[in-house]
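What follows is a single structure, written as structure tokens, with notes after it.
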Amino acid sequence: MAATPAPPQAPPKPTWDPRRPEPPFPWLRPTIRIRLTLLYGGMFLIAGILLLSIIYLLAAQAINTGNEPLFKIVGARELQVTSDNCPAIKADNLTFSQFNESISACIDDQRRHALDNLLSRSLLALLGLAIIAFAFGYAMAGRVLSPLGRITRTARAVAGSDLSRRIELDGPDDELKELADTFDEMLERLQRAFTAQQRFVGNASHELRTPLAINRTLLEVHLSDPNAPMELQQLGKTLLATNERSEQLVEGLLLLARSDNQIVERKPVDLAEVASQAIDQVHAEAEAKGLVIRGEQKPAVVQGNGVLLERIALNLVQNAVRYNIPEGGWVEVTTEIQHGQAVLVVSNTGPVVPAYEIDNLFEPFRRLRTERTGSDKGVGLGLSIVRSVARAHGGHISAQPREGGGLVMRVTLPV
């Protein structure tokens, strides 16, 4: 007897401990708050010093008259005043009163001119400093928050079932490093949990399938005996049907456990092809019930696992055939591309389904108006498997009752 292969070993525990001891002076820790406070406080201080310096230089330039005085007295006996800066006092034979008025008007004009010039240049300087401050702040904020981008990229990689990825952020011991270390610890636990789940699924697959296969073989051998009594043959057929139902239940549970994870290896799969194959498999059952299968399958290529996607189409079409009306029923199966997504729609006639019962249909072992499976139509895992496989491919499934009875099942998958 061949030895049973050893189950896969659990991944080793992390060699690093993200829960570091508390530093002796926690208020000296270079946290994000302290770093941002120092950064923007320093930027404000530097910008203020530059702005004051520029205003001082502009003011000094505005009030500087150079070597030329505002006016000159050119007459010796008569008061004659001339000025290149104040045209109002360019006149001869001015009285002292007129001279004082002209000087006041000249000073007021010079002050107004200087203030207007100072204001316009200060606004230009402020605009330039604001642009420089925003650019510098944007660059520094991006540098400070760059670890968040690293964390986000790792989280996206983990969303694709790559649980082996780690952030391993280095740098100052701040809030972002603490967040990254906590995230790494969570990923480590998730990886161990998923590995244990895969190991359990593998062991359960072997341990559950083997005795059922042995039972089926023994029952088939006894049923092949033509001299067996009629009662024994009837009992054997009943046990064989029960064994087959148990095998379906085991296969459904294992498939449901495997399909809860994201699909790592993806290949181009045409939904039209898998829908056609599902129709071919249930065609004989539909003919026996007098059902018509119709609908157009347009090409709709997605990236995913062909076996699991075929199970989506097969489960939906089988449910549409088995839960139908006795006479004059139909099943419609269509595939197409809508708004950049591949859509598989399976509609059928059948019993009236209340809207409040829709969510219960996707729960394991739940059927319409019943808590547990109790008929020969299936094991109660079909729609649960469909929803799980659709989620693993990044899509979703929705159900809507039809007027007059039946359902419209709509599966949407990314292209």
Inset, instruction - Indicate the atoms forming the closest heavy-atom contact of Leu223 with Leu240, along with that distance. - result: CD1-CD2, 4.0 Å
Legend entry - Approximate separation, where rounding is to 0.5 Å, of Glu220 CD and Asp225 CG: 14.5 Å
Legend entry - Closest non-hydrogen atom pair between Val269 and Gly304, with its separation: CG2-O, 3.6 Å
Inset, instruction - Measure the CZ-OG1 distance between Arg410 and Thr412 for me, rounded to the nearest 0.5 Å. - result: 5.0 Å
Legend entry - Atom pair CD1/CD1 of Ile132 and Ile46 - distance to nearest 0.5 Å: 12.0 Å
Legend entry - Closest non-hydrogen atom pair, Pro401 against Ala355: CG-CA, 4.2 Å
Inset, instruction - Count the heavy atoms belonging to other residues, nucleotides or ligands that lie under 6.0 Å from NE2 of His396, then report whether that count exceeds 12. - result: yes
Inset, instruction - State the CD-NE2 distance between Gln303 and His393, to the nearest 0.5 angstrom. - result: 10.0 Å
Inset, instruction - Flag the pair Val389 / Arg311 as yes when at least one side-chain heavy-atom distance between them is below 4.5 Å, and no otherwise. - result: no
Legend entry - Any donor-acceptor pair under 3.5 Å from Thr334 side chain to Gln297 backbone: no
Inset, instruction - For residues Asn348 and Val331, report the shortest heavy-atom separation together with the two atoms involved. - result: CB-CG2, 4.1 Å
Legend entry - Reported CD-to-CG distance for the pair Gln233 and Asn227, which is rounded to 0.5 angstrom: 9.5 Å
Legend entry - Test item: Leu407 and Leu361 side chains (from C-beta on) under 4.5 Å apart, heavy atoms: yes
Inset, instruction - Look only at the side chain of Gln318 and the backbone of Val282, and say whether a donor-acceptor pair between them is shorter than 3.5 Å. - result: no
Inset, instruction - Please confirm whether the backbone N or O of Arg322 pairs with a side-chain atom of Lys289, one donor and one acceptor, at under 3.5 Å? - result: yes
Legend entry - Separation of Leu239 CG from Arg216 CZ (nearest 0.5 Å): 14.0 Å
Legend entry - Which atom of Val415 lies closest to which atom of Ile337, heavy atoms considered: CG2-CD1, 4.0 Å
Legend entry - Identified side chain to side chain contact (heavy atoms under 4.5 Å, CB included) partner of Ile312 from the options Val274, Val386, Ile397: Val386
Inset, instruction - Go through the steps to decide whether Met230 and Gln234 satisfy the test side-chain contact (heavy atoms from CB on, under 4.5 Å), and finish with yes or no. - result: CA-CA 6 Å; Met230 184 63 64; Gln234 185 64 31; 5.6 Å; no
Inset, instruction - State whether the side chain of Ser388 and the backbone N or O of Ser384 hold a donor-acceptor pair below 3.5 Å, judged by distance alone. - result: no
Legend entry - Sub-4.5 Å side-chain heavy-atom contact between Val345 and Val411: no
Legend entry - Non-hydrogen side-chain atoms of Leu344 and Val333 separated by less than 4.5 Å: yes
Inset, instruction - Measure across Asn324 and Trp330 and return the closest heavy-atom pair with its distance rounded to 0.1 Å. - result: ND2-O, 3.4 Å
